[in-house]
Amino acid sequence: MPNRLADATSPYLLQHADNPVDWWPWSAEAMAEAGRRDVPVLLSVGYAACHWCHVMAHESFEDEATAAYVNEHFVPVKVDREERPDIDAVYMEAVQAATGQGGWPMTVFLTPTGEPFYFGTYFPPEPRHGMPSFRQVLEGVHAAWRDRREEVAEVSARITADLAARGDVYGAAGQLPPTGADLRQAVLVLTREFDDKHAGFGGAPKFPPSMVLEFLLRHHAATGSQAALRMVEQTCAAMAGGGMYDQLAGGFARYSVDAGWVVPHFEKMLYDNALLLRVYLHLWRATGSASARRVALETADFLLAELRTPEGGFASALDADSPGPDGHNHEGVFYSWTPAQLTAVLGPEDAARAASVFAVTGDGTFEHGSSVLQLREDPETDGTDPDWFAPVRARLLAARAERPRPARDDKIVAAWNGLAIAALAETGALLDRPEYREAAVAAAELLVSVHLGSDGRLLRTSRDGRAGANAGVLEDYADTAEGFLALYSVTGDAVWLDRSGLLLDAVLENFFDESSGSFYDTAVDAEQLIRRPQDPTDNAAPSGWSAAVGALLGYAALTGSARHRAAAEAGLGIVTALGSRAPRFIGWGLAVAEALLDGPREVAVVGPADDPATAELHRTALLATAPGAVTAVGEPGGTAVPLLADRPLLGGRPTAYVCRHFTCDTPVTDAAALAAKLTGRPPGA
């Protein structure tokens with residue numbers, strides 16, 4: 001019989017709806033039930049594409065005896081971290097503080113008032129590698145609750161007080177935005193942390209440093225730093241050539257388990273691919289790299305082919321696991337190949353050549369003698385015969401399509417769709433692919449119709465066109481606003497600028513503390529947890545704080561709003577505090593700081609929409625590498641967009657104005673002259 005999760009919109013919760021564990025969704029009712037029964041809450045947090053979540057579910061939550069013990073002695077609560085990032089953030093902070101590490105599934109035991117007192121992540125069904133079994137943990141927690149209640153109360157009170165004390169550490173009051181010297185210091189630190197052998201930063205596991213790469217591209221554009229550009233080029237080449245990138249269909253896996261980008265953790269997340277699409281597009285824009293252009297196009301095609309939903313949005317993720325020949329789920333089996341499998345598809349001669357090109361070996365680079373495809377030499381630049389490569393790749397892709405596919409988490413997350421909207425809108429405009437721009441518009445319309453209320457309040461998730469009940473958090477508002485701003489710059493449709501303003505007004509009203517210049521991750525009227533989450537550091541995607549600062553700055557540049565710019569400048573104070581010490585963890589904040597130092601530059605293009613000269617000026621403006629430059633386009637005298645106001649045609653021809661703080665240089669009608677104004681940092685900046 002299904003449990004209480006049967007009516008959830010989350011695919012992750014639905015995966016557990018038939019467990020013998022009597023799961024509750026996170027709710028006041030669940031806490032009240034724990035209080036009524038005088039038992040602890042077992043909080044289990046994960047997400048649909050999480051490999052070890054599946055493992056623990058199969059080993060423990062589907063086991064009748066384990067479930068019976070859980071149901072007797074606990075109130076079990078299941079949370080999708082992608083639906084409730086606030087719950088995840090608060091309790092993950094406690095797990096990391098107590099154990100020095102974190103991850104999913106996250107397992108936390110709480111008092112009926114939500115105070116944590118015992119923590120962990122994955123627990124095996126039997127003791128192994130120094131870890132207790134899940135049953136031993138359950139029995140130990142039950143015994144402590146029954147026999148040592150005062151000790152439990154003391155521990156939970158101490159942990160809760162410690163978490164509450166952390167709430168004010170991020171006040172940025174008194175800090176000015178970063179200077180050019182601060183940003184140069186951040187680049188110097190990144191240079192020291194750069195992996196000269198494999199590229200990227202740090203060791204294994206190695207995550208794609210998307211936001212840091214955006215900062216380095218902006219820094220190169222602003223200063224001409226070749227060191228910054230070198231780190232971007234080498235990291236992008238290594239990621240795209242390794243197993244983390246799908247060499248047959250495009251798209252990036254979540255991270256590499258090794259330092260050399262060889263074997264990925266195979267789940268594919270929307271946010272990673274949206275962010276990396278923008279990185280490769282911007283690398284192409286900066287250098288003209290054919291490889292970067294290819295990867296950008298393939299990643300955009302992956303988003304449309306694999307993650308787009310019937311409603312026009314973008315699904316959250318593809319699972320790491322899929323059924324293998326034995327009928328059981330295995331990580332990576334959909335993507336990996338043996339020499340024998342290549343031969344079965346291609347025949348001996350082509351298979352031998354493909355094995356060399358894609359680094360498929362007899363010993364294998366993955367499990368059971370299989371290899372993850374790599375492409376260390378780009379076929380567009382290394383002389384590979386395209387008449388051979390393209391058909392071979394197509395045959396392998398067609399053969400792989402016959403394998404059982406990984407599951408898809410098809411819920412729509414507002415924040416991640418905002419990232420995808422921005423990336424696809426820009427890619428469609430710059431690479432002349434209108435289908436990408438149309439997909440971005442469709443996803444934005446879905447967010448408006450399903451997620452966004454007339455009061456500017458945003459819901460975080462939906463599925464099958466039905467909104468979930470979870471309120472949007474700061475990253476939802478900020479990333480969606482960023483997507484709408486990109487749509488405005490590409491389409492010239494002022495409705496997207498207006499909608500972005502609606503969201504950013506809600507940010508200032510509900511998430512911003514003007515007295516400290518800081519942002520909270522949840523709204524002032526959101527459900528109160530044991531502390532109000534607040535974190536300016538980037539993780540796999542920009543923090544809500546950094547994303548909000550970026551969107552506020554872009555909106556202010558288009559509208560001249562002093563209120564939005566002041567909030568952005570105040571929020572950048574934290575980048576001054578952290579950027580030169582831990583730049584890998586505040587990359588998007590550093591990228592926004594580069595834009596602030598540059599102005600950012602504001603480009604107003606006025607001219608008839610059907611005039612090719614208008615289109616040429618518009619495209620030239622979008623191609624600008626000036627950090628964080630914004631673009632407005634419209635008919636002369638026919639718009640309410642402030643940046644376009646009082647911008648006449650010059651000699652009756654379509655005209656471009658390059659401005660900073662709404663003070664403009666001499667207008668130009670020639671695209672080459674416009675490009676010259678948008679290269680490098682303006683004098684005195």
Side-chain angles (χ1 to χ4, degrees), residues 21-46 56 60-61 66 69-79 81 84-124 127 129-171 520-522 526-535:
V21 174
D22 189 18
W23 291 112
W24 291 68
W26 178 273
S27 59
E29 291 78 9
M31 298 298 178
E33 177 68 5
R36 185 187 69 79
R37 290 175 50 197
D38 190 27
V39 297
V41 172
L42 164 60
L43 174 64
S44 177
V45 182
M56 190 168 176
S60 297
F61 301 144
T66 301
Y69 192 90
V70 167
N71 295 339
E72 181 179 357
H73 298 294
F74 303 89
V75 169
V77 173
K78 180 63 77 170
V79 168
R81 66 174 294 261
R84 292 298 304 266
D86 51 338
I87 295 171
D88 178 65
V90 166
Y91 290 108
M92 183 60 74
E93 189 172 17
V95 172
Q96 291 173 330
T99 68
Q101 60 187 8
W104 300 276
M106 176 169 62
T107 307
V108 186
F109 294 89
L110 315 176
T111 69
T113 55
E115 297 174 323
F117 63 90
Y118 190 81
F119 317 89
T121 52
Y122 163 79
F123 290 107
H129 306 307
M131 286 191 294
S133 72
F134 186 49
R135 182 61 179 259
Q136 287 174 324
V137 170
L138 294 172
E139 291 173 349
V141 170
H142 169 60
W145 183 262
R146 182 191 60 207
D147 302 329
R148 302 191 303 278
R149 186 72 64 86
E150 290 184 1
E151 180 182 330
V152 169
E154 180 183 343
V155 169
S156 63
R158 186 171 66 248
I159 292 170
T160 302
D162 178 64
L163 290 175
R166 295 168 180 240
D168 296 325
V169 342
Y170 291 129
Y520 286 92
D521 293 330
T522 54
E527 176 188 358
Q528 294 203 1
L529 303 174
I530 56 173
R531 91 169 182 89
R532 190 179 179 191
Q534 179 188 45
D535 188 355

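Note that this is a predicted model, so its numbers are computed, not measured.
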A.B. asks: Go through the structure and list residues passing salt bridge (Lys or Arg N to Asp or Glu O under 4.0 Å) with R158, not counting sequence neighbours.
C.D. replies: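 Checked R158 against salt bridge (Lys or Arg N to Asp or Glu O under 4.0 Å); matches are E154.
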A.B. asks: Please check if the side chain of D22 supplies one atom and the backbone of N71 the other of a donor-acceptor pair under 3.5 Å.
C.D. replies: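 Here the side-chain-to-backbone pair does not exist.
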A.B. asks: Do you know which two heavy atoms are closest between P533 and A89, and how far apart they sit?
C.D. replies: CB-CB, 4.4 Å
A.B. asks: Knowing that exactly one of Y91, F74, F123 qualifies, which makes a ring pair (Phe, Tyr, Trp, His ring centres under 6.0 Å) with F109?
C.D. replies: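 Result: among Y91, F74, F123, F74 is the only option passing the ring pair (Phe, Tyr, Trp, His ring centres under 6.0 Å) with F109.
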A.B. asks: Assess the residue pair V141 and F117 against the criterion (side chain to side chain contact (heavy atoms under 4.5 Å, CB included)); give the C-alpha distance rounded to whole Å, side-chain angles, the decisive distance to 0.1 Å, and a yes or no.
C.D. replies: CA-CA 9 Å; V141 170; F117 63 90; 3.8 Å; yes
A.B. asks: What do you reckon, are the aromatic ring centroids of F61 and W23 less than 6.0 Å apart?
C.D. replies: yes
A.B. asks: Over all heavy atoms of both residues, which pair between A153 and S156 is shortest? Give the atoms and the distance, please.
C.D. replies: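 Scanning both residues, the minimum pair turns out to be O-OG, 3.1 Å.
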A.B. asks: A side-chain contact here means heavy atoms from C-beta on lying under 4.5 Å apart; do W26 and L43 qualify?
C.D. replies: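 Touching, per the 4.5 Å side-chain cut-off.
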A.B. asks: Could you pull out the closest heavy-atom pair between H73 and R37, with the gap in Å?
C.D. replies: N-NH2, 4.0 Å
A.B. asks: Between the side chain of S27 and the main-chain N/O of P25, is any donor-acceptor distance below 3.5 Å?
C.D. replies: yes
A.B. asks: Considering only heavy atoms from C-beta outward, does the side chain of V45 approach that of V108 to under 4.5 Å?
C.D. replies: no
A.B. asks: Is the backbone N or O of T121 less than 3.5 Å from a side-chain atom of T107, with the two atoms forming a donor-acceptor pair by type?
C.D. replies: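 At least one qualifying donor-acceptor pair exists.
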A.B. asks: Does the Lys NZ or Arg CZ of R148 fall within the cation-pi geometry relative to W145 - under 6.0 Å from the ring centre and within 45° of the axis?
C.D. replies: no
A.B. asks: Return yes if some donor-acceptor pair links the side-chain N/O of R531 with the main-chain N/O of V90 below 3.5 Å, else return no.
C.D. replies: no
A.B. asks: Determine yes or no for a side-chain-to-main-chain donor-acceptor pair under 3.5 angstrom, with R81 supplying the side chain and P105 the backbone.
C.D. replies: no
A.B. asks: Hey, could you give me the CD/CD distance between E93 and Q534, rounded to the nearest 0.5 Å?
C.D. replies: 10.0 Å
A.B. asks: Might you work through the side chain to side chain contact (heavy atoms under 4.5 Å, CB included) test for M31 and L110, ending with a clear yes or no?
C.D. replies: CA-CA 9 Å; M31 298 298 178; L110 315 176; 4.0 Å; yes
A.B. asks: Flag the pair I530 / P116 as yes when at least one side-chain heavy-atom distance between them is below 4.5 Å, and no otherwise.
C.D. replies: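 Touching, per the 4.5 Å side-chain cut-off.
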A.B. asks: Indicate the atoms forming the closest heavy-atom contact of T111 with V41, along with that distance.
C.D. replies: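 Minimum heavy-atom contact is O-CG2, 4.2 Å.
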A.B. asks: Could you go step by step and tell me if W104 and M92 meet the side chain to side chain contact (heavy atoms under 4.5 Å, CB included) rule?
C.D. replies: CA-CA 9 Å; W104 300 276; M92 183 60 74; 3.5 Å; yes
A.B. asks: Drop me the distance from D38's CG to R146's CZ, to the nearest 0.5 angstrom.
C.D. replies: 12.5 Å
A.B. asks: Mind listing the closest non-hydrogen atom pair of D535 and D521 along with its distance?
C.D. replies: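 Scanning both residues completely, I find the closest heavy atoms to be N-OD2, 3.3 Å.
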A.B. asks: Could you walk me through whether L138 and T66 pass side chain to side chain contact (heavy atoms under 4.5 Å, CB included), step by step?
C.D. replies: CA-CA 9 Å; L138 294 172; T66 301; 4.2 Å; yes
A.B. asks: V95 and G102: which non-hydrogen atoms are nearest, and at how many Å?
C.D. replies: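 In terms of heavy atoms, the two residues are closest at CG1-CA, 4.3 Å.
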A.B. asks: For the atom pair OG (S60) and OH (Y122), what is the distance rounded to the nearest 0.5 Å?
C.D. replies: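 If I round to the nearest 0.5 Å, the distance is 7.0 Å.
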